[in-house]
Amino acid sequence: MANHLISEKSPYLQQHAHNPVDWYPWGEPAFEKARSEDKPIFLSVGYSTCHWCHVMERESFESEELAALLNRWFVPVKVDREERPDVDRIYMTFVQASTGGGGWPMSVFLTPELKPFFGSTYFPPDNRYGRPGFGAILHRIAEAWKNERGRIIESSGDVIAQLARYSGASGSSGVLPDATILDSGFQQFRRMFDSAHGGFGHAPKFPRPVVFNFLLRYYVRSPDADTKEDAREMTLATLRAMANGGMHDQLGGGFHRYSVDERWFVPHFEKMLYDQAQLAISYLEAFQITHDPFYAKIARSTLDYVLRDMTDPGGGFYSAEDADSVIDPANPKEKGEGAFYIWSAEELKQFAKFASTYGVEPGGNVPDDPHGEFTGKNILYLRQPLDDATEAELHPAKAALLAIRSKRVRPYLDDKILTAWNGLMISAFAQAAQVLDEGRYLEAAQRAVGFILTRMFDARSGVLQRRYRDGDAAIPGFLDDYAFFIGALLDLYEADFDPRHIEIAMQLAGKMRELFEDTVEGAFFSTAAGDGNLVLRMKDDYDGAEPSGNAVALLDLLRLAHFTDRADYRETAERTLRALGSKMAQQSIAVPQMLVGLDYYLAPRREVVIAGEPREFLRHVRARFMPHTITVLSGASFFPAAASMLEIDGKPTAYVCQDYACHLPTNQLGEFDELLQ
């Protein structure tokens, strides 16, 4: 028997399509049912690779008894947070504000007018873990709806007013932030740094690449030698610790979602596309700064994992791989956290050198295992850094073990293609093509851009769709989709110098401003106006696992202003900085990618224009980390000054300009290097 989710394209909704719960997707049929039957809505939000979402499904949503209570007293609605971040963001803000925490699955009770009045995250089926059981919660909420309706309606109205204040939808300071905010942000990250294990704060530890983005730019900015060294070393130490730990897939490449411990050893095993994209860029930038091949190696293995396991035949990139996987093929319904990735000592007995190097113990190497998921098993990690000789010696063993692992039942693959996440991944491949001089990475970026433009973009209206799956493109794009994809196009231009990328980026920037810009207060709403099923429009400014749409839009506009010298882009960027300046000043560690935008705004801007065959000059540019420099080919129509920058003496020539003043052109690589210093 199927419920109302059966025709949905979302893998997450499909997972719940045969629950005995009478689930509806988010939409008018569910809301009309709630109004006509005078029932509250039970909103459950999650995603397909979410471990505790699976747990709550098995315990509660597959229970005939609990499903009967839900169906009798409520209108149950399921939302895939990755398809509908707008819905997730509103109600997660409520849960965080009312409980002090958040996460998925998210469980929220709404009035028929979609106003929240009670919410939390995972509920066990009965009283345990210090949490009330789901059945008891359903009884209490149903009784309150029957007997205390007026109070619930009144409080839910108050909640919306409070959410508007939390949302950042108002409160512009009107003052442009300055460099003192960058200094303050750096000092806060310095205080949070874990000098013993890398990372910031305590367990669990998340790989928050937006922090690396800020610190490496602060390294470039700071005139103080000690400060520069600290900004650099905090980043490099964390990247190295993550790469050597169990959070990094030592055989197949790529990174798991986070580490449950402080030393990056025991991961939560799901793999998200947005982590691979952002971390690949972090390792590429570390390589540009240090020229240490270790960082290039980790970037390559991460990108190669995405090409191998997360790329659609048409060129788009899939969203995620699950943390749970089948333990024994003979019992496919029994799954365990990380089962695909862990090993017994017996399985590795023919690979003694590998086992010793990667921390394998006879009885298993996970002593702190509260759920008994790793009994007798080993998570691979490097006991000590590899030297080149040992790495070469172990290469055949790694290849053999990867082949053995490939015969296991793979974790569930969420194969939907999201524009925003693809934008991040395109940026990573485009930057890798430049830094590593790798043609197949350039081809991957170009194919993915082609996928988005041919399947998910209407050139006549300028509208992007957010999600593509199974031949269907749907859900009008949000701010994140436009901002991340515009950034990808700008990165791809500097990889292949096709001017169409800039032209499309400009078209999308116009549509982004039309749909999302707050022309009164400044900055951008996450959603377009006109959706009556959203109780408010929010401005997302938190740079978490993904950068916020506002932070990326800010950087897009500043870069477009740099490429095109259009004042309107810079004026919109300045309005965004004014609108979010107080947030940057008060909570700078919450907005590190916004600090990246502020750094770009304040920094001297430099252009490298190359006339003639650019390859040798590009090799020298791309070997350096220069986050405030753009590279343009002579004659680019969108860059007005480039028209007069021609070859000298019939030889390739470079022009280096800064803040509207150009040095004398050169066709000598030595002189060019001096100008870049």
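- When side chains are defined from C-beta on, Met594 does not count as touching Lys583, because their heavy atoms never get closer than 4.5 Å.
- Two rings, from Tyr218 and Phe189, have their centers 6.0 Å or more apart.
- Aromatic ring centres of Tyr441 and Phe429: separated by under 6.0 Å.
- Of the inter-residue distances, the one linking Leu534 atom CG with Asp86 atom CG reads 5.0 Å to the nearest 0.5 angstrom.
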Original post:
Taking it one step at a time, do Thr180 and Asp178 satisfy side-chain hydrogen bond (donor to acceptor under 3.5 Å, both in side chains)?
Top reply: CA-CA 6 Å; Thr180 61; Asp178 59 28; 2.4 Å; yes
**OP:** Could you please spell out the steps behind the side-chain contact (heavy atoms from CB on, under 4.5 Å) verdict for Leu182 and Leu602?
**Re:** CA-CA 10 Å; Leu182 303 177; Leu602 296 173; 4.2 Å; yes
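- Side-chain atoms of Glu607 never come within 3.5 Å of backbone atoms of His562 as a donor-acceptor pair (strictly under, hydrogens ignored).
- We find the OG1-CZ distance between Thr235 and Phe214 to be 10.0 Å, quoted to the nearest 0.5 Å.
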Original post:
Can Arg570 and Asp565 be said to form a salt bridge (charged side-chain N to carboxylate O under 4.0 Å, His left out), step by step?
Top reply: CA-CA 9 Å; Arg570 192 164 181 83; Asp565 200 29; over 6 Å; no
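- The distance from atom CZ of Arg575 to atom CG of Leu554, rounded to the nearest 0.5 Å, is 12.5 Å.
- Remark: Arg440 does not engage Glu443 in a salt bridge, criterion side-chain N to carboxylate O under 4.0 Å.
- Among the candidates Ser644, Ser634, Pro665, Cys662, the single residue satisfying the side-chain contact (heavy atoms from CB on, under 4.5 Å) test with Val609 is Ser634.
- Nearest heavy-atom pair, Asp80 versus Ser10, reported as atom, atom and distance to 0.1 Å: OD2-OG, 2.7 Å.
- For the pair His628/Asp599, a side-chain contact is recorded, criterion being any heavy-atom separation below 4.5 Å from C-beta on.
- At least one donor-acceptor pair closer than 3.5 Å links the side chain of Thr653 to the backbone N or O of Lys651.
- Remark: the backbone N or O of Arg615 is paired with a side-chain donor or acceptor of Glu613 at under 3.5 angstrom.
- Side-chain N or O atoms of Thr227 include none that pairs as donor or acceptor with a backbone N or O of Pro223 at under 3.5 Å.
- Side-chain atoms of Glu671 and Val656, non-hydrogen and from C-beta on, never get closer than 4.5 Å to each other.
- No donor-acceptor pair closer than 3.5 Å links the side chain of Arg257 to the backbone N or O of Phe206.
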**OP:** Test Phe200 against Met234 for side-chain contact (heavy atoms from CB on, under 4.5 Å), laying out the working first.
**Re:** CA-CA 9 Å; Phe200 301 87; Met234 285 192 292; 4.1 Å; yes
Original post:
How far apart are the C-alpha atoms of Phe524 and Tyr482, what are their side-chain angles, what is the distance that settles it, and do they pass the ring-ring contact (aromatic ring centres under 6.0 Å, His included) test?
Top reply: CA-CA 12 Å; Phe524 293 86; Tyr482 284 82; over 10 Å; no
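- You'll find the ring centres of Phe484 and Tyr274 outside the 6.0 Å limit.
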**OP:** Starting from the C-alpha separation in whole Å, work towards a yes-or-no answer on side-chain contact (heavy atoms from CB on, under 4.5 Å) for Asp491 and Arg559.
**Re:** CA-CA 10 Å; Asp491 288 326; Arg559 293 175 72 193; 2.9 Å; yes
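- Pairing each heavy atom of Asp312 with each of Phe451, the nearest pair is OD2-CE1, 3.7 Å.
- Here the side chains of Tyr601 and Glu574 are in contact, with some heavy-atom distance below 4.5 Å.
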**OP:** Assess whether salt bridge (charged side-chain N to carboxylate O under 4.0 Å, His left out) is satisfied between Asp458 and Lys511, documenting all intermediate values.
**Re:** CA-CA 12 Å; Asp458 183 335; Lys511 180 59 69 171; over 6 Å; no
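- Residues Gln446 and Asp498 fail the side-chain proximity criterion, which asks for heavy atoms closer than 4.5 Å.
- Considering Thr419, Asp480, Asp481 as possible partners of Arg466, the one that fulfils the side-chain hydrogen bond (donor to acceptor under 3.5 Å, both in side chains) test is Asp481.
- Within the 4.5 Å cutoff, the side chain of His620 has heavy atoms near those of the Asp673 side chain.
- Between the side chain of Arg84 and the backbone N or O of Ile475, no donor-acceptor pair lies under 3.5 Å.
- Taking all atoms of both residues into account, the shortest heavy-atom contact from Cys657 to Met645 is SG-CE, 3.9 Å.
- Minimum interatomic distance between Ser588 and Gly185 (heavy atoms only, all atoms of both residues): OG-CA, 3.3 Å.
- Here Ile504 contributes atom CD1 and Tyr493 contributes atom OH; the two are 14.0 Å apart, rounded to the nearest 0.5 Å.
- Residues Arg221 and Phe186 have side chains not in contact (no heavy-atom distance under 4.5 Å, counting atoms from C-beta outward).
- Between the Arg89 side chain and the Arg81 main chain, no donor and acceptor come within less than 3.5 Å of each other.
- For Ser548 (side chain) and Asp543 (main-chain N/O), no donor-acceptor pair under 3.5 Å exists by modelled atom type.
- Once rounded to the nearest 0.5 Å, the distance linking CG of Leu492 with CD of Gln434 reads 9.0 Å.
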**OP:** Could you please spell out the steps behind the salt bridge (charged side-chain N to carboxylate O under 4.0 Å, His left out) verdict for Arg513 and Asp556?
**Re:** CA-CA 12 Å; Arg513 293 164 69 190; Asp556 290 344; over 6 Å; no
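- With a 6.0 Å radius and a threshold of 12 heavy atoms from other residues, nucleotides or ligands, Arg308 has its CZ atom above the threshold.
- Between the side chain of Asp414 and the backbone N or O of Lys416, at least one donor-acceptor pair lies under 3.5 Å.
- In this structure, Tyr318 and Asp309 approach most closely via the heavy-atom pair CD1-O, 4.3 Å.
- For Phe478 against Ser526, the heavy-atom pair with the smallest separation is CB-O, 3.5 Å.
- Of the possible donor and acceptor atoms, one in the side chain of Arg537 sits under 3.5 Å from a partner among the backbone N and O of Thr527.
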**OP:** For side-chain contact (heavy atoms from CB on, under 4.5 Å), just list the numbers for Ile298 and Phe287, CA-CA rounded to whole Å, side-chain angles, deciding distance to a tenth of an Å, and then say yes or no.
**Re:** CA-CA 10 Å; Ile298 303 301; Phe287 174 61; over 6 Å; no
Original post:
How far apart are the C-alpha atoms of Arg469 and Glu83, what are their side-chain angles, what is the distance that settles it, and do they pass the salt bridge (charged side-chain N to carboxylate O under 4.0 Å, His left out) test?
Top reply: CA-CA 11 Å; Arg469 184 171 187 262; Glu83 280 196 343; over 6 Å; no
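- Here Gln288 contributes atom CD and Leu436 contributes atom CG; the two are 9.0 Å apart, rounded to the nearest 0.5 Å.
- At a threshold of 4.5 Å between non-hydrogen side-chain atoms, the residues Glu285 and Ile281 count as touching.
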